[in-house]
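Worksheet: one structure, shown below.
If you read the sequence from its start, that first residue is 1, and numbering goes on from there.
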Amino acid sequence: MASLPVPLVTIGLLLASNIFMTFAWYGHLKFKSTALWIVIMVSWGIAFFEYCLQVPANRIGYGYFNAAELKTIQEVLTLTVFVLFSVFYLGEPLRFNHLIGFSLIAVGAGFIFRG
């Protein structure tokens, strides 16, 4: 069986890790009445799984991508996951100024991959 391409594995693992981390960082916002120490412990537990995906993603991807490219991929995925999370999980509206700001960040990220 042929192995999957490095970019696919790297981006897939980074995407999955970002989903875990977004829930670790922001998922507790729906549970404002839960004690802070409890949400901290739960967030740490979720973050463990994020690290189990993120560390291998960077280890596998480094060499094919340089460190700046890996970080840029991570940040673009983070924003993408966060937008979906904030709209569908937190029920927050996506405003025009958010779209403009995120688009400018994406344009900046594009420069990282220019030869």
Side-chain angles (χ1 to χ4, degrees):
M1 173 181 222
S3 62
L4 295 172
V6 169
L8 182 65
V9 172
T10 302
I11 292 169
L13 288 170
L14 286 174
L15 176 62
S17 76
N18 271 285
I19 292 168
F20 277 100
M21 203 58 179
T22 300
F23 275 95
W25 284 7
Y26 302 103
H28 61 86
L29 296 177
K30 287 184 98 170
F31 306 97
K32 296 286 284 180
S33 63
T34 303
L36 185 57
W37 74 269
I38 293 173
V39 296
I40 289 171
M41 298 307 288
V42 169
S43 291
W44 276 5
I46 295 169
F48 169 78
F49 295 102
E50 184 269 343
Y51 276 85
C52 288
L53 297 166
Q54 187 266 350
V55 171
N58 285 328
R59 177 73 60 99
I60 293 166
Y62 188 66
Y64 185 93
F65 299 108
N66 64 42
E69 291 169 338
L70 284 170
K71 183 61 177 171
T72 302
I73 293 167
Q74 145 106 53
E75 294 302 329
V76 170
L77 289 172
T78 297
L79 286 175
T80 303
V81 169
F82 180 77
V83 166
L84 295 171
F85 178 87
S86 66
V87 170
F88 294 109
Y89 182 79
L90 295 177
E92 294 184 355
L94 182 60
R95 296 192 170 97
F96 182 69
N97 61 315
H98 299 154
L99 290 173
I100 295 297
F102 292 150
S103 296
L104 290 172
I105 292 169
V107 168
F111 280 99
I112 298 296
F113 291 94
R114 290 190 49 91

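The number of heavy-atom neighbours closer than 6.0 Å to CZ of F102, taken from other residues, nucleotides and ligands shown, is above 12. Within 6.0 Å of OH in Y89 there are more than 12 heavy atoms belonging to other residues, nucleotides or ligands.
Using a 4.5 Å cut-off on side-chain heavy atoms (C-beta onward), E50 and I46 make no contact. Within the 4.5 Å cutoff, no side-chain heavy atoms of V76 are placed close to those of I105. Side-chain contact between Q54 and L13 is absent, with no heavy-atom pair separated by less than 4.5 Å. T10 has its side chain out of reach of Y64: every pair of non-hydrogen atoms, C-beta onward, lies at least 4.5 Å apart. With contacts defined as side-chain heavy-atom distances shorter than 4.5 Å, the pair F113/I73 qualifies.
Hydrophobic cluster membership differs between L79 and L15, with clusters built from Ile, Leu, Val, Met, Phe, Trp and Tyr side chains linked at under 4.5 angstrom. Taking hydrophobic clusters as Ile, Leu, Val, Met, Phe, Trp and Tyr residues chained together by side-chain heavy-atom distances below 4.5 Å, F88 does not share a cluster with I19. Hydrophobic clustering, with ILVMFWY side chains joined whenever heavy atoms are under 4.5 angstrom apart, groups F23 together with W44. Hydrophobic clustering places L94 together with L84 (ILVMFWY residues linked when any side-chain heavy atoms are closer than 4.5 Å, directly or through intermediates). A continuous path of ILVMFWY side-chain contacts below 4.5 Å connects W37 to W25, so both sit in one hydrophobic cluster.
Annotation: Y51 is not in aromatic contact with F20 [ring centroid separation under 6.0 Å not met].
Of the candidates V9, L14, V55, I60 forms a side chain to side chain contact (heavy atoms under 4.5 Å, CB included) with just one, namely V9.
The distance from atom NE2 of H98 to atom CZ of F82, rounded to the nearest 0.5 Å, is 8.5 Å. Taking NZ from K71 and CD1 from I112, the interatomic distance works out to 12.0 Å, rounded to the nearest 0.5 Å.
Judged by distance alone, with hydrogens and angles left aside, the side-chain atoms of E75 form no donor-acceptor pair with the main-chain N or O of T72 at under 3.5 Å.
Using bins of under 30°, 30° to 60° and over 60° for the plane-to-plane angle, the ring pair Y26/F85 lands in the tilted bin.
Considering all non-hydrogen atoms of both residues, A24 and S43 come closest at O-OG, 2.7 Å. Minimum heavy-atom separation, P56 to L53: CD-O, 3.4 Å. Across I11 and L77, no two heavy atoms sit closer than the pair O-CD1, 3.9 Å. Across all their heavy atoms, Y62 and A67 have their closest contact at CE1-N, 3.8 Å.
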